[in-house]
Amino acid sequence: MAERTDTDPARMEKIVSLCKRRGFIFQSAELYGGLNGCWDFGPLGTELKRNIKDYWWRKNVQEREDIVGLDGSILTHQAVLTASGHVGGFSDPMCDCLVTKARLRADQIEPASGTVYSFTGATHKQADDWSCDRPISILSTAERDEHKARKVAKEYYAQFLPDKQLSPKKIELQGETTAEVTDSIGFNPANGAQLTEAREFNLMFKTQMGASADENDPNSVAYLRPETAQSIFVQYKNVLDSSRQKLPFGIAQIGKSFRNEINPRNYIFRSREFEQMEIEFFCKPEDGLRLTDEWLERRLNFYAEIGVPREKLHVLDVPDGERAHYSEKTYDIEYAFPFGVQELEGVAYRGSYDLGKHQEASGKSLEYFDEETKEKFVPHVVEPSAGCDRTLLAVICEAFDEEDLTKDGGKKDVRTVMRFAPCIAPIKVAVLPLLKNKQELVDKAHEVKNLLQPFMNVAYDEAAAIGRRYRRQDEIGTPFCVAIDFETLGLEEGKEELKDTVTIRHRDSMEQERIAISDLLPWLLERLR
RNA sequence: GCGGGUAUAGCUUAGUGGUAAAGCUCCAGCCUUCCAAGCUGAUUACGCGGGUUCGAUUCCCGCUACCCGCUCCA
């Protein structure tokens, strides 16, 4: 659980500002006022996100023999999500009590009969200039008389009073009318207050297949996937049959998922369109719990490698009752964001629930035949499911630093620096001629840039003083800057031996070292792995 | 979804019932031999839609987005 609940909105605002200013993250459709819960990644955000995904893919797929990749379609057959439980189980219509704001499931409200007292508005004896013209209806039943109905109505209007000191009792109800109703579910059983219209709370995006699809034809319905996992389960057999894998083995997928979140929050943390990095690791039933612990460990190491140290992560061993019913064990990996401790990834032991459900719904066997023991069984699965955008945000939050460089003279200087791990930094190295009005320096710098460019993302910058250029690169997290100076050209008297060497300036320490251009590429590649 | 807050240039802020100021950034030029130097110049803003008004960025209403607290999160 959250060990640290303190938040730092000011820090978050600075991070959001930098992300926009430097082109990491923009609001989607900002030109038109924004689209709720959607975000676009700018040039540097795109590089950063790509690097995170590539690193994840390299570590989890390419550098392992026992995990293979999948890239499933986003449009999802409704049968898949019916089998998984996404369609049926989680679309309860809900309504809210207009007085107490309690949220109720519409299908669980007991129908009631009685007299409905309706009012068109209200005024207050002690506030001449105040009035409210919102209508409200209260159901009066055998248990609740008309006085109670009026009392509830006054409670309703009390919330609109301009001054909380004014007594609700002095409210005068306007336009009272009555009507009889039978078996209505439009009123709160607890107090008779009117309820809002029932609203569907299914969080999936629904769409129609086919350009001329009939809206009412249930067969044309498809969904944007709410998680990448389901296509893995559905393709599990094909992958097994085509990839010559044996248990235990995993299928990995990186891709977009969509949830119609009721309230997107916290910058890009909870958005309606997001990217997941998931592995479904299939195993024998007896290995599930052990592998869950192993995966937790492996995933924690991953975050350390991309710049989120172990001690900044919180592992929540999700207790009984809070886990999904099919999960024997679930760990949440959480990070202390400036807006609170929040989940980055879930490592869940899901048993045979998913394959079992799809086997049942499709009528096709998803059993695995173990050659050694001659047993047939539905494999169990361990699922490390990471949020890509959340990881990116955690990386940004962790990297953001304002370093105080105030000098002895007292001149204030704050250096903003993004301390990205070199392996995921958007730009790996910036090549900077010391001066731009000396053609030899510029030419040499272009030469060095061209040397490195086929191997990494290189920036070239000749504008403004070199100190300013260093700071620009600090702010976007470029780990190394290479400066081309007069010594590089061999023009410095008494330092001719420095010809064809450059200085490398380190982002984090601001220290410099000199290195031969011929050694530059291997030097960098070693540090960018 | 509820309650509260906010919305002026890329960023951070100022200001006004008569269409707006500044710092930083960015761009161009000059200068510049290593940590946001200096000089000159340029572009750029009142979230959207209504209403009141001779006139609205300013007042009112609605919408949208973002932030905070609840709620929700298969």
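Only this structure's heavy atoms are used, side chains among them; waters, hydrogens and symmetry mates stay out. Letters A, B, ... are given to chains in the order of the sequence lines, protein chains preceding strands, and every chain is numbered from 1.
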- Does A:Tyr470 have A:Arg505 sitting over its ring (NZ/CZ under 6.0 Å from centre, angle to axis within 45°)? yes
(request) Please state the P separation for the pair B:G69 and B:C60 - nearest whole angstrom. (result) 27 Å
Next item on the list: Would you please confirm or rule out a distance under 4.0 Å between OP1 or OP2 of B:C68 and any side-chain N or O of A:Asn266?
Entry: yes
Re B:U12: Watson-Crick or G-U wobble partner, both distances kept under 3.5 Å, found to be B:A22
(message) Are there over 12 heavy-atom neighbours, none belonging to A:Glu511, within less than 6.0 Å of that residue's CD?
(response) no
Assert: residue with more 5' nearest nucleotide on RNA chain B, out of A:Arg270 and A:Gln27, is A:Gln27
By the Watson-Crick or G-U definition, both distances under 3.5 Å, B:U52 is matched with none
Tell me whether the side-chain N/O atoms of A:Arg468 come closer than 4.0 Å to OP1 or OP2 in B:A37. yes
Under-3.5 Å donor-acceptor pair between A:Arg22 side chain and B:G10 base = no
Notebook entry, point to check: If the P atom of B:C61 is compared with that of B:A20, how far apart are they to the nearest Å?
Noted result: 27 Å
Of the listed B:C26, B:U32, B:C11, the closest approach to the A:Ser17 side chain comes from B:C11
- Task: Please measure how far the P atom in B:A21 lies from the corresponding atom in B:C27, and state the result in whole Å.
- Result: 24 Å
Practice task
Report yes if a side-chain nitrogen or oxygen of A:Arg272 is closer than 4.0 Å to either non-bridging phosphate oxygen (OP1 or OP2) of B:C73; otherwise report no.
Solution key: no
As its Watson-Crick or G-U partner within any shown strand, both distances under 3.5 Å, B:C27 has B:G41
The single option from A:Val381, A:Leu355, A:Asp354 that satisfies side-chain contact (heavy atoms from CB on, under 4.5 Å) with A:Tyr236 is A:Leu355
- Message: For a quick check of understanding: with a heavy-atom distance under 4.0 Å over all strands, which category does A:Arg265 fall into, base, sugar-phosphate or nothing?
- Response: base
Taking for A:Phe258 and for A:Arg415 the nucleotide of RNA chain B with the nearest heavy atom, the one nearer the 5' end belongs to A:Arg415
Check: Quick one: the side chain of A:Arg505 and the base of B:C35, do they pair up donor-acceptor inside 3.5 Å?
Finding: yes
Requested in this report: Using the P atom as the reference point in each nucleotide, state the distance between B:U58 and B:U53 in Å, no decimals.
Outcome: 16 Å
Side-chain contact check for A:Glu492: nearest option of B:C34, B:C27, B:U33 is B:U33
Does NZ belonging to A:Lys357 count more than 12 external heavy atoms closer than 6.0 Å? no
From CG of A:Leu432 across to C1' of B:U32 the rounded distance in Å is 15 Å
_Can you see if the side chain of A:Asn36 gets near the phosphate of B:C66 - specifically, an N or O under 4.0 Å from OP1 or OP2?_
yes
Inter-nucleotide P distance (B:A36, B:G17), Å rounded: 42 Å
Practice prompt. Considering only atom P, compute the distance from B:U64 to B:A74 and round it to an integer number of Å.
Written response: 26 Å
Across every strand shown, the nucleotide meeting Watson-Crick or G-U wobble geometry with B:G47 (both distances under 3.5 Å) is B:C63
Kindly indicate whether the side chain of A:Gln512 and the base of B:C34 share any N or O donor-acceptor pair separated by less than 3.5 Å? yes
With the side chain defined as heavy atoms from C-beta on, A:Tyr470 is closest, among B:U33, B:C35, B:A74, to B:C35
Record whether the side chain of A:Tyr32 comes under 3.5 Å of the base of B:C48 through a donor-acceptor pair of N or O atoms. no
For B:G3, the nucleotide meeting Watson-Crick or G-U wobble distances (both under 3.5 Å) is B:C68
When rounded to whole Å, the CG to C1' distance for the pair A:Leu203 and B:C72 reads 8 Å
- What does A:Gly346 touch in the nucleic acid at a heavy-atom separation under 4.0 angstrom: a base, only the sugar-phosphate, or nothing? nothing
Of the candidates B:U32, B:G1, B:A36, the side chain of A:Thr416 sits closest to B:A36
Which of B:C70, B:G29, B:U33 is nearest the side chain of A:Leu434? It is B:U33
Of A:Lys444, A:Lys499, A:Lys438, A:Arg514, the one forming a salt bridge (charged side-chain N to carboxylate O under 4.0 Å, His left out) with A:Asp485 is A:Arg514
*asked:* Suppose you measure atom C1' in B:A22 against the same atom in B:A9; what distance do you get, rounded to whole Å?
replied: 11 Å
* Asked: Can you tell me if NE2 on A:His77 sees more than 12 non-hydrogen neighbours from other groups inside 6.0 Å?
  -> no
Quick note, A:Leu435 side chain, CB onward, closest among B:A74, B:U33, B:G10 is B:U33
In whole angstrom, give me the gap between the C1' atoms of B:C46 and B:G15. 11 Å
Centroid-centroid distance, A:Tyr267 to A:Phe269, less than 6.0 Å: no
Testing B:U32, B:A74, B:U33 for proximity to the side chain of A:Phe486, the answer is B:U33
Hey, do the aromatic rings of A:Phe480 and A:His506 have their centres closer than 6.0 Å? yes
From the candidates B:U32, B:C68, B:C70, the one with an atom nearest any side-chain atom of A:Lys436 is B:U32
- Query: Is any side-chain nitrogen or oxygen of A:Lys20 closer than 4.0 Å to OP1 or OP2 of B:C11?
  - Reply: yes
